[in-house]
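As a basis for the values below, the full set of heavy atoms in this structure was taken, side chains included, without hydrogen atoms, waters or symmetry mates. Just so we're on the same page: letters track the sequence lines, and every chain starts at 1. Remember, it's a predicted structure, so these values are computed and weren't measured experimentally.
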Number of protein chains: 2
Amino acid sequence: MLRLSTKGQYGVRAMYEIARGYPETPVTIKEISERQDVSVAYLEQILNKLRKAGLIKSIKGPGGGYILNRSADKISIASILNELEGPVALTSCLDPEGGCVRVDSCVTHLLWKALGEQVEAFLKTITLKNLMAGDFYSQEVKVKDKVKV
Amino acid sequence: MLRLSTKGQYGVRAMYEIARGYPETPVTIKEISERQDVSVAYLEQILNKLRKAGLIKSIKGPGGGYILNRSADKISIASILNELEGPVALTSCLDPEGGCVRVDSCVTHLLWKALGEQVEAFLKTITLKNLMAGDFYSQEVKVKDKVKV
DNA sequence: AAATACCCTACTGTTTTTGTCAAGTATTAT
DNA sequence: ATAATACTTGACAAAAACAGTAGGGTATTT
Ligand code: FES
Ligand code: FES
């Protein structure tokens with residue numbers, strides 16, 4: 001359960017490659033494609049979203065490529081996944097868009113909400129820099145001391 | 001991102017209704033259907049899985065229905081979702097079945113693994129009893145102090 | 001035997017996912 | 001200028017997953 005889409009997975013791996021070039025060298029889609037074994041066409045879609053979100057910027061023409069828009073320790077995994085897969089919402093009732101008429105009488109609503117918040121909090125603490133350094137740890141994420149329904 | 005399937009959602013809500021009858025009164029599919037607004041046919045599929053997993057038992061004939069196989073404080077949300085959606089595996093590489101050739105050189109593998117473990121740990125701490133009582137809290141879930149890649 | 005209630009398998013329409021393809025725009029090097 | 005490089009964009013399609021229906025069968029009670 002709770003599968004991450006390939007777009008999200010590839011997106012993080014692509015960002016990792018781009019981060020490696022920062023701040024000197026723009027990284028081309030082709031290079032990312034070869035290193036991470038993802039097709040150029042698919043990466044185009046992914047990187048486009050991340051560029052529009054302001055996480056990376058692009059440089060056209062020979063010698064061009066992609067480069068981080070801010071330093072690696074200021075880009076969290078959460079911010080990448082948010083752009084590619086939308087916000088964490090374990091049920092459609094929790095979607096920013098979709099409301100639910102049962103929400104007040106629903107016995108599970110707050111449970112899914114709490115879990116979602118926990119996931120989000122975790123992903124926010126991990127940055128590209130952490131990923132590159134190879135150390136990431138879970139910091140006693142505490143959503144709420146107690147939730148009364 | 002990270003959407004839970006309706007099977008998982010309905011399953012937890014159905015278990016909640018069954019738990020309310022425990023240990024005296026078996027709860028029928030029809031009752032669950034009406035209270036939780038899920039079709040009888042769909043619930044049959046879901047409850048069948050949960051019965052085969054040993055979480056509930058069934059009583060046939062008039063006066064029958066479903067009843068918990070052990071007390072509500074011994075049934076975690078994790079155990080319910082595990083049966084209906086399989087184990088938490090954010091990527092196919094983490095699936096018990098599917099291996100991945102890149103796993104050793106993969107920069108994100110341990111990240112998804114850590115997140116998955118965190119989710120699982122959270123869901124294991126919440127029982128049906130917690131759900132019924134309306135209090136569930138996140139207990140400083142700590143997967144590992146530090147993961148070195 | 002009639003009524004109740006669970007059991008089981010198959011099937012189908014819909015949505016989401018996972019990509020591919022083709023044509024276009026901007027920049028640099030020669 | 002012109003060719004080569006590299007990003008940009010939108011349309012499209014196969015495949016998988018999801019959500020749910022349908023229909024017949026079995027066991028138990030009254
Ligand atoms: S069914 Fe919508 S909030 Fe639970
Ligand atoms: S691609 Fe399989 S482990 Fe990362």
Side-chain angles (χ1 to χ4, degrees), chain A residues 1-11 13-14 17-18 21 25-34 36-53 55-67 69 81 84-86 89-93 95 97-98, chain B residues 1-11 13-14 17-18 21 25-34 36-53 55-67 69 81 84-86 89-93 95 97-98:
Chain A
M1 61 168 163
L2 293 183
R3 191 63 50 99
L4 220 54
S5 78
T6 57
K7 254 186 177 126
Q9 293 176 50
Y10 298 166
R13 280 157 58 190
E17 292 296 337
I18 297 171
T25 322
V27 183
T28 67
I29 289 186
K30 192 156 173 256
E31 286 167 334
I32 300 172
S33 169
E34 283 162 1
Q36 290 293 333
D37 203 23
V38 177
S39 83
V40 168
Y42 202 19
L43 280 172
E44 279 172 344
Q45 273 184 39
I46 294 168
L47 295 181
N48 225 297
K49 280 194 177 187
L50 297 176
R51 179 182 55 81
K52 282 175 180 166
L55 295 179
I56 50 178
K57 56 189 167 189
S58 60
I59 300 167
K60 288 187 175 179
Y66 289 93
I67 195 160
N69 214 358
L81 293 181
L84 297 173
E85 311 202 19
L90 276 76
T91 70
S92 58
C93 312
D95 225 293
E97 319 292 308
Chain B
M1 62 167 161
L2 295 184
R3 191 63 51 99
L4 220 52
S5 78
T6 57
K7 257 189 175 122
Q9 293 175 50
Y10 297 167
R13 279 157 60 189
E17 292 296 337
I18 296 170
T25 321
V27 183
T28 68
I29 289 186
K30 192 156 173 256
E31 287 166 333
I32 300 172
S33 169
E34 284 162 359
Q36 290 294 332
D37 203 24
V38 179
S39 84
V40 168
Y42 202 20
L43 279 171
E44 277 173 345
Q45 275 184 39
I46 293 168
L47 295 180
N48 226 300
K49 280 195 175 185
L50 296 176
R51 178 182 54 81
K52 282 176 179 164
L55 294 179
I56 51 178
K57 57 189 167 192
S58 60
I59 300 167
K60 288 186 175 180
Y66 288 92
I67 194 159
N69 215 359
L81 292 181
L84 297 173
E85 310 203 19
L90 276 76
T91 70
S92 58
C93 311
D95 225 292
E97 320 291 308

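- Listed here is the closest heavy atom pair of B/Leu43 and B/Ala14: CD2-CB, 4.1 Å.
- Considering only the side chain of A/Lys7, C/dT18 comes nearest among C/dT18, D/dG20, C/dC6.
- Contact check for A/Asp95 versus B/Arg3: side-chain heavy atoms found under the 4.5 Å cut-off.
- For the helix from C/dA1-D/dT30 to C/dT30-D/dA1, the axis fitted to the five pairs at one end and the axis fitted to the five pairs at the other end meet at an angle of 10° (nearest 10 degrees).
- One can place CG of B/Asn69 at 16 Å from P of C/dC6, the figure rounded to the nearest angstrom.
- The phosphate of D/dA19 (OP1 or OP2) has a side-chain N or O of B/Thr6 nearer than 4.0 angstrom.
- With DNA chain C read from its 5' end, the first of the two nearest nucleotides for A/Ser39 and A/Gly61 is the one closest to A/Ser39.
- For the pair B/Arg3 CZ and C/dT15 P, the computed distance is 14 Å after rounding to whole Å.
- Taking the side chain of A/Pro62 as heavy atoms from C-beta on, and the options D/dT28, D/dA19, D/dA4, the nearest nucleotide is D/dA4.
- At whole-Å resolution of the value, CG in A/Asp37 and P in C/dT18 are 16 Å apart.
- Between D/dC7 and A/Arg51, no contact under 4.0 Å exists linking OP1 or OP2 to a side-chain N or O.
- One finds a side-chain N or O of A/Asn48 lying less than 4.0 angstrom from the OP1 or OP2 phosphate oxygen of D/dT9.
- Put simply, CG on B/Leu43 is 13 Å from P on C/dC7, counting in whole angstrom units.
- Of the side-chain N and O atoms in B/Ser58, one or more sit less than 4.0 angstrom from OP1 or OP2 of C/dC7.
- Within 4.0 Å of A/Lys57, counting heavy atoms only, lies no atom of the nucleic acid at all.
- Here the side chain of B/Ala41 is nearest to one of D/dT8, D/dT28, D/dT21, namely D/dT21.
- For A/Tyr10, a side-chain nitrogen or oxygen approaches OP1 or OP2 of C/dG19 to under 4.0 Å.
- Residue contacts for A/Lys52: at a heavy-atom cut-off of 4.0 Å it reaches the sugar-phosphate backbone alone, with no base atom in range.
- Inter-residue side-chain proximity for A/Lys52 and A/Asn48 is flagged as met; some heavy-atom pair is nearer than 4.5 Å.
- B/Leu47 comes within 4.0 angstrom of nothing in the nucleic acid, heavy atoms only.
- Side chains of B/Tyr66 and B/Leu50 form no contact here, defined as non-hydrogen atoms less than 4.5 Å apart.
- Distance CD1 (A/Ile59) to P (C/dA29): 12 Å, rounded to an integer number of Å.
- Nucleotide C/dT16 holds its P atom 11 Å from the CG atom of A/Asp95, rounded to whole Å.
- Residue B/Thr28 has its side chain nearest to C/dC6 when only C/dC6, D/dT21, C/dG19 are considered.
- Counting atom types as modelled, A/Gln45 pairs no side-chain N or O with a base atom of C/dT18 as donor and acceptor under 3.5 Å.
- B/Ser33 and B/Val38 make their closest contact through OG-O, 2.7 Å (heavy atoms, listed as atom of the first residue, atom of the second, distance).
- Distance check, rounded to the nearest 0.5 Å: CD1 of A/Ile18 to CD1 of A/Ile32 gives 4.0 Å.
- Counted by atom type alone, A/Glu85 and A/Ser5 present one or more donor-acceptor pairs between their side chains at under 3.5 Å.
- Counting only heavy atoms from C-beta on, B/Lys60 has its side chain closest to D/dT26 among C/dT20, C/dA10, D/dT26.
- Straight-line distance from the CD1 atom of B/Ile46 to the C1' atom of C/dC6: 15 Å, rounded to whole Å.
- Between the B/Gln9 side chain and the B/Leu4 main chain, a donor and an acceptor come within less than 3.5 Å of each other.
- A donor and an acceptor atom never sit less than 3.5 Å apart when one is taken from the side chain of A/Glu44 and the other from the base of C/dT20.
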Residues A/Glu44, A/Val40; criterion side chain to side chain contact (heavy atoms under 4.5 Å, CB included); working and verdict: CA-CA 6 Å; A/Glu44 279 172 344; A/Val40 168; 4.0 Å; yes
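- Under 4.0 angstrom from either OP1 or OP2 of C/dC7 there lies at least one side-chain N or O belonging to B/Tyr66.
- Rounded to a whole Å, the OH atom of A/Tyr42 is 18 Å from the P atom of D/dT8.
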